[in-house]
Structures are given as structure tokens and as C-alpha cells.
Amino acid sequence: MSLTAALSNALSGMGVTQSGLEILARNVANSGTPGYNSQSQTLVETGGANSSLVRSAGVSRSFDAALQRNYSNQIADSGYSQTRADFLSQLETLLGKPGDASSLDNMYSNFQGAMQAVSTSPDDYSARSAAVSSSGALADRLNLISSNVQNLRRDTESQMRNLVNGLNSDLSNLRDINSRLAEATQNNAARSALLDERDRLVSSVGEVIDVNATYRENGSVRLLTRSGVGIIDQKQSVFSFQDSGILSANSQYSTIASDSGVGALTLRTSSGLQLDLVGQGILQSGKLGALVELRDSTLVQVQSQLDEIAAGLAQSLSSINVASTAVTSGAQTGMEIDLSSLQPGNSFLLNYTEGGNAKSVRVMRVDDAALLPMDSVGVDGVRVIGLDFSSGIGAVAASLDTTLGAAISVSNPSGTILRVLDDGAGATTDIDGLSATYTASNLQDGNLALPLFVDSGNLAFTNSLDGEAQKIGFASRISINSAVTFDNSLMVQFSSTSSLGDASRVNDILDRLNNSQFISEITATKSMGQIRLSGNIGSMVSQMLSFQGASVEKSQSINSTNELSMEALTSRMDEKYGVDVDKEMAMLLELQTAYSANARVLSAVQELLNTLMRI
Amino acid sequence: MDVGKTMFSVSPAFTNVARMRERFDQLQVQLATGKRAQTLSDMGPGRGNNIDMRAQLAKNSAYQNSITMVGNRLDLLDLTLARFDTIESETRQFAAADSSGENQTTLTTAQGFASSSLDEVINLLNTDLAGRFIYGGTDTDDPPVKGLEAILNGEGGRDGFRTVVAERKAADAGASGLGRLALSASGSAVTLAEDGAHPFGFKLSGGSTDSLAVSISAPAGSPQTMDVTFTGQPNAGEKIFVTLTLPDSTTKTLELEATSANPPGDGKFTIGATTDASASNFQAALQTTLLQQTQTELNAASVFAAADNFFNGSGDTIQRVNGPPFDSATSLIAATASNTVSWYDGSSNAQARNSVSARIGENATINYGVEGNETGFLQLVRSLAAVSVETFSSSDATSEARYDALSDRQVTRLSENNNNSAGSIEVIAMELGVVRKTMGNYSELNSNYQNQLESVLARLENVSIEEVAVQLQTMQIRLQASYQTMSKLSELTLVNYIR
């Protein structure tokens, strides 16, 4: 019956148009919703027994797995570079622009300039007072930058905590969605909404931690980190962050959990395996990765550079050299030196020739038994041996004698004298030099050295390694010797009888600032590679500012590159997934027309049927 | 749930416009500050150079400040040295003007003039520039020289110059007033003998005569003695000369003329009947002459020797006569801080100029110290002090001769012939002039370097205003165009056209 066929055709058409309108309305309503993928209706021509109908075969949601994978990768990198750029721009503000009144290099130049003025007018109270205040300002600046760097590290930890919480809740939501998607019994609209939610959650997780997403047939997603650790499938892994307490310069990461002073980031996989995210290098990108790198690597490097500068300041002004005297004993010749003033961290240097080769050994006073025995190569390439001086020089001499072999004899003839002799008749060794350096503690004992920069509590800075190395975090503790603040004539008068017009001490200070050379440890970060600071204090400041400036610049340029890539991807996604209102409106016109046409057909058929019935 | 802002469907067109706006703001800031970079990272790879250049600039300006400061000090030194030179020549003129006059005003004003000049010299040596004493060498925080009162009369139980002079005069004159010489005659020989091996009094230097009848032995022995032996009778008019060395290293030759007159008169002796008589007449005449000379020449020499002892130079200690008793003293003894006023408390270096130095460049140091006990000042102070402690009056017979002896010595010590010796006022002025020249050279070098560095920095850091203004203009046009297009596009949607 062609009439009823026409009727059913028209009806199916109207039904399809209705569902089409429904989808269209949904698209238009969600055109501004973030993460909404536009949906469209699939129409299928169906052949019935004696008619051909149109049937809606379901809603297809626009989705491109490859594009989505790209997007997940990119979002992790963007999150990473964004976080880095944010933190480093705060660092840049701290360091100041060279030439600004508060920049580190300017403060150092002011300090030198004020000392120069004192050198010309040592008897002038106001010149000395200006010198004391400019050195105080320098120390304060180092303290400020240092404490802010540690604050930044603390910020990374609080952000880590928040991110981990968010991550866990996202993952549990995602697990729910996965399980619901696995059931196939839903209507299409609900299913699409679930899929949209799934994508949003994957992006959210992907921003925090780099993921590789695999999409299954049923729509559920499996997430792995780029390094291959499973995060979620049917079951989720749980992230956790454990606080470590107050984070200070001394709190650094260690693979041994009991030594580690920083918060612990762990992952417990669904099979019960506990993983240390930091130690095992699981995080490669994403915000968490950036935060960990900042906390453990970038900011630690900044702090250590500040510490080197502070240590250089303190040591250059307060080191006193002790000369040795030549001595002979029978056929052996050598030198001896008085080690009474050496503090932990101070050292003496022995140069000798053995079998035609020139060798050097630096012996450092290390009283902490946990660090001994210590025999390694120092940053300047000289062999460093650590020895305990607390039980007397005799023990030192005995230990050194054994270490250096039979051709050099080391002894302790009396008191605190150390005597080093060659092998005399054997003639294979020669003692070339022996000198010691110690830190001045007395301000007016006739030595030109001045312990102007000291550790907190007016302790001398001796670069001691005992307990916690004194250099770590020194930039946050460095201050001016309170005796000098109280009486600034101590800056000039190196003995109680020297005149205030005698500029020898100040001239010596200027020479030391110019000529003392330092070499730091090599520090390395992933983004900037290796660096070591070397030279006098001025060049160390310059190198540090240069390096950090380059580091900030690099992070900003990487960030803007990532932003551009992100934009390109989102515009592509916009094209593919986005709702084009104009197109929807055009579709609306069509549907409107189709509906009215179908309705017209329906009413026409009805009329015809009525006509038929009236026969 | 934290939705990344990247998921908001913001059209790329909008983000581009936002970016343009940012750039526009950046250009505005550049225009306002005149600098290309506003932060450390913006400075680019040249930041290391920039920092180093700024450090160099700061050092340079510190050196320039030092140069200015030292320049002020050198100015003051020049001013005071000129005054010293004037005082020196005034003193010389005063001393040379009326050396053998019977002009009473010279005698009565001499001591006052010397004393007020000495006061002025002391005040000049204590010149300070804002609390920094420039004649003290390294000791710039205390006045280097004590006051006139303290120096002349002593203070706080410590002896001053007057006491030292009195002791020295007594030691040089001896108890007998013969200048520590003993005169004796035996037979036809007259013997002059020093009374001991010590630095005081007359020392025999030699003798000569133009008479064949007299033989004079050279001074020999320790203590020295010399004999004048009358082998015959001298003729009238023949002279016997005895040369004596005085304690201040000057010499005096006594002249005794043989005469047949009796009484012989000043400076003459009567030829006696026998050689013995001549000898004894000679002895008497010599005695009178010696007594006179002790009170005049030896007195002056004594005062100056005391001045040399009391006003010690660099490296010397203050010496006093070892006694009491002073008139038979046989040695000098170093004075201690508790028994004698020390006139100069500043520093004493072998090289006075090195006592104060200033850095005016990376490896450039200039030395401009002046110490109050350098030879120029020393001689001036000694000469003035010597005359200040003596009194002259017209009623005193020895005043004129005493004054002449003193003023002769003044003229010698302050003469222009000494200008070449190290430490004289002229040499000091010249050395400081050299220092000023060096400083001027460095100042020029420094300021040239400063200009160079500043221009390089400006070139690296500054933006050309014109360039920025043009860029701003262009950016403004682009922004306006973008804004207009965006607003037009936003109105263009099919929704508006469907009834």
C-alpha cells in the first residue's frame, strides 16, 4: 500500500528530524562549553518489507584519536613550561636587573666603592660608617634572595600537595567513567556526555603528569606515564605527597628516605607496588615534573651559587696565611708549620716532588667522624685529605705519614707543630712548599685580615664540613660582625696601637676582593647543563646573574613556543570538534523545512486516506 | 576539577590580538624608560658584558672620588707649604738684616718675632682638613705637634725645651766657664786640654801661627790636648790661631795677637821678658778670650745643639744631658716619655711621602704623605725655637754678640742652599706637584674610560626613540584594524538573519 508506506516514510522522516533537532539544540546549547565535542546524527536508509525508511543510527561524536593523543602530549609540555616560567620569573624579579639599585651586582659594586672611599679617608667616621652599612646591605640582600628562594621551594611543595589531591580525585572520577563506559547499556546522549567528561579528565590529568592515553573500543581509556608506569585502567593508582616539615636550604632530596629533607612523592600502583616518583625519574613532563625539577634541581642550584658567593665574601676577607719554616734533621730537609689556629674547615697545603713528579696534597681539618676517612680530589684538582685534629697534631702527623708513604716523613716534634721531611739520602722526594690558611677570629691582633662577614651568632665562617656543611644555606645566614657594627673603627685599626689614618687594612681588603680566586663545584640542571662559578667575587656575581638570566630567558622562550604549539592544536581541535553556529543554523533551516515538508506529506496522505474512506 | 585554560574555546584570532596588545604595552614601556630590556632575561646574551661594564664604571667613579678628595688635600698642602716658605724667608731676612747692629729695636723684638713665628709654624703643622691632620704622616687623627707653651715650658711634669737648653748650656760651659777646656802653663808651654771624652764644650781642632817662635802641637790623645810652646819670643803683630769645634758642628777660630803693649787689650797678649812670661801672658789672654767666647759663640752653639737634641728628626730619639750634675756631664741620654715633652707625635718614616697613599686606578697608587719632622720643617722649628728661648736686653753686654752668633746660625740653616736636600720645603712642594700631575693624568684616563664605557652601554641598552615611536604607530594601526574586523565579524552570524 503505497499510501501507508508514504505515511510511515513521512513519520520516520519526522521522527528523524525531531531527533536531529534535539541533537542540534544540544550542540548549540553547548557551543561554548569547554571540552564539548560536536555531535551529529547518523542517518541510515532502512529497507522495510514494502517501504524504505530513514532511521537514526545513533549519534556520532566527533573524535580523532591521533589529534587527542597529540593534545595530551602537548598539554603536559605546556604545563611543564608554564610552571617553570612562572617560578623563574619570580626569581628574576629577586635578582634584579643589572644597574638597578637593588640588584646584586650593584650592591657588590657599592660595597667595593665604599671600601675605596674608606681607603682614601680612613680617619673619616662617615666614610667608615657608609662602608659598614653598604656591607650590611650586601649581606641583607643575599639573605633576602636566599630566603625567597627557599620560599619558592616551599611554594612548589604546597602546589605539589594541591595537584596531587586534584589528581587523585580526577583519577577516581575517571575510573567511575571507565566502568560506566564499559557497560554498553546507555543511551547515546548520556554516552556522549560521559565521553566528553572522560576527555576533560584525561586532559586535566595530562596537564599535571605526562600521560600516554590508549582508547579502547568501548570508550574506556588506559593511561600510562610516558615512562611506562600505569596510572589507570580498570583500577587506579594512588598518588600521595608526604610533607617533610620545614624546608630549608639544607633540605635536599636523597634516595635514602631517612636522609631526604624534602616531601616525598609516591605512587602506589593498583597492584600494590610503591614507587618513588622522584627517585625513579618517573615524571618527565607536566606540572608535577616541573615542580619537582624546580625544587630539587633549579632552585637548589641558585641557592648553591648564592652560597658560593657568600662563602667567597666571608673567606676572602678573613683568611690568614701561615708560613712555614725550613728545617733540617740529619740528611733530611723539609719544612715545619704551626697548626694551632686551624679550625674545622681550614686546611694546609703540602707541595712535594716524588720521583720527579710534582704533587700536592691539601689536608683539611675535619673533626666529624662520620665524614672520615676522606681522601678525594677537590674542585681545583688537588687531592684533599680530611683528618681529625681534635685529638692533637700527633694523630694528624701519624695518619698523614702513613698516607703519604715511606718517602715523606711527617711528625709532630712538639705542641702543634707539624714537620714534613723528605727522604734525605734516598733523594727521591723533595718538599717544595708547606703553607696553611686559617680564619681570623680576632679583629685587632695585628693581622690585616678582618672577619667582616660571619655566620649567624657571630660565628666565624670556616667552610667547615662537620655535621652539616657550613656552606650550604650560608647565604641566608651571612651577616656583619656585630663588633664592627658597634665600633666601625675596627675596620681600619688592625691593632690597638695602629693609627686611624693607616689605611693598610682597608687596602688589603680591596686587594683581597680583587685577587682572591674561588672555584665552585660543578652543578648541573636538565635545562641548562653544567656550570661552575670561578674567579674573584665580582666575576662570580656576574657569572651567576648571567647564567640565571639565560636560564629565565630560555624558560620563557620554551614557554612561548609551547604556547604557540598549543594554540595551533586547539585551533585544529576547534575545527574538528567545535560547534560552528552558522552551520548549525543552516542545518536548522534544513530540518525546519524537512519537518514542514514531512508534515505536509503527512497531512496530504491523511487527506487522501480520508477521501478513500469516504468512498 | 581543574580545567586547563587551554580547553576554553577561545578563537585564535582573539589570542593574537591579545598578544599584539601585550607587544603594544611593551613598546610603550620601552619608550618611557628608553631602555630595550626591562628585566634580566630580556637583556639577552650580552648581560654578562653589561654587568662587567657596570662594575668597571662603579670602580672608576670610586677612583674619581678618591682623586677629588686627594686633590682637596693637596690644595691645602700647597697653601700651607707656601706659607712655610714665606716664614722661612722672613726669618732669614730678619736675621740677616741687622747682624751687627747696635739697633736696640732688633734686640728687643728678636725674641718676640721668633716666638710668634714659631707659634704660627706649629699651628700650620697642625692644619687639619675636616679633622684629618695633613702633616702627621700616617697619624691623621691627632694633631702632630704640641702647643708652643708645652714645647717651650713643658707640661704635666715633663720638661720642655727651656730646661733642655739650660742643661745643655751648663754642660757645654762647664763649671769653670771655659767650655770644658782646661788651660795650664808650665814653663814656656801652654796646654789646652779637653776635660773629657764627651760631646760637650769646645773640642780642639788645631792651631796655627805665623810666628816662627811658637810651635803648636796638633791635638792628640783622648781627651785631646794641644800645646802652644814658645820656643822664642814672637814678634809684635804675629798671631796665634786656635781653632775650636763647637757642639753644633760649627767651628770658631780664636785669634791672639802678640803685642808689646801692656795692658795688651782685647784679643792680644803682651810679649813678656822671657818665653815663660810670654807663655803666661798668652795663657791669660787665651783665658779671657775663652771666657768671652763661651758666653757668646758657645752659648749660641749650645742652644742650637740643644735644639738639635730636643727637636728630633725621623729615626732619632730625643737626647738630654745625662745628669745632674750637668756642668760635669759626660754623656747624652735618651729622654723618656715621662720626663720630656715630645714635640712631634705623628708618624716617622724613612720615606715620608709613603706614609699616606691613595688608590686612583686599578694598579695606580699615589703617595702624598707629609710628616712634620721632615728636614725643612725641622730646621725652621729649631732655628725659631733657639731664638725664642733666649733673652736679649740693651743692658746686657753679651746680648749683641750672642744675638749675632744665633742669627748667623739661623741664616746658615735656613739658607736657600739647602733647597736641594731631601725633606726641604721646596723639595716637598715639588714632589707633591709631581703627585698632582700624575693624578691629573689618571683623572683624565679615568674620565675617558668612563665616557667610553657609558657610550658602549648606552648603545647596547638604549633604544632609539624614533624607532620605537614608529613601531608603536604601526602596532597601533594593526590593533585598530584587528579590533574593527573582530567587531564586524562578531556581528556576522546566521542567527541574526533567521526570522
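Just so it is clear, the structure is predicted and the values come from calculations on it, not from any experiment. In what follows, chains carry the letters A, B, and so on, assigned in the order in which the sequence lines appear, proteins first and then strands, with residues in each chain numbered from 1.
Note on A:Leu569, A:Leu500, A:Val552: by heavy-atom pairs under 4.5 Å with chain B, the leading option is A:Leu500.
Neither the backbone nor the side chain of B:Asn65 comes within contact range of chain A; no heavy atoms are under 4.5 Å apart. Heavy-atom distances place no part of A:Ser169 under 4.5 Å from chain B, backbone and side chain included.
Within residues 18-30 of chain B, the residues that have a heavy atom under 4.5 Å from a heavy atom of chain A are B:Arg19, listed by number.
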- Task: Go through the steps to decide whether B:Arg132 and A:Asp124 satisfy the test side chain to side chain contact (heavy atoms under 4.5 Å, CB included), and finish with yes or no.
- Result: CA-CA 8 Å; B:Arg132 184 191 168 93; A:Asp124 184 3; over 6 Å; no
- Message: Under the criterion side-chain hydrogen bond (donor to acceptor under 3.5 Å, both in side chains), I'd like the reasoning laid out for A:Ser121 against B:Arg73: C-alpha separation, chi angles, the key distance, then a yes or no.
- Response: CA-CA 11 Å; A:Ser121 318; B:Arg73 293 174 193 160; 2.7 Å; yes
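A:Gln116 contributes no side-chain N or O that, together with a main-chain N or O of B:Tyr63, makes up a donor-acceptor pair within less than 3.5 Å.
A donor-acceptor contact closer than 3.5 angstrom is absent between the side chains of B:Thr138 and A:Asp502. No hydrogens or angles considered: a donor-acceptor pair under 3.5 Å links the side chains of B:Lys59 and A:Asn514.
Proximity of A:Pro122 to B:Thr140: side-chain heavy atoms (C-beta onward) are nowhere separated by under 4.5 Å.
Rounding to the nearest 0.5 angstrom, the gap separating the CG atom in B:Asp141 from the CD atom in A:Gln493 is 7.5 Å.
For the pair B:Arg54 and A:Asp100, the salt-bridge criterion is not met [side-chain N within less than 4.0 Å of a carboxylate O].
Contacts of A:Lys576 classified as side chain to side chain contact (heavy atoms under 4.5 Å, CB included), with partners at least two apart in sequence or in another chain: A:Asp64, A:Leu67, A:Arg572.
Within 6.0 Å of CD in B:Gln351 there are 12 or fewer heavy atoms belonging to other residues, nucleotides or ligands.
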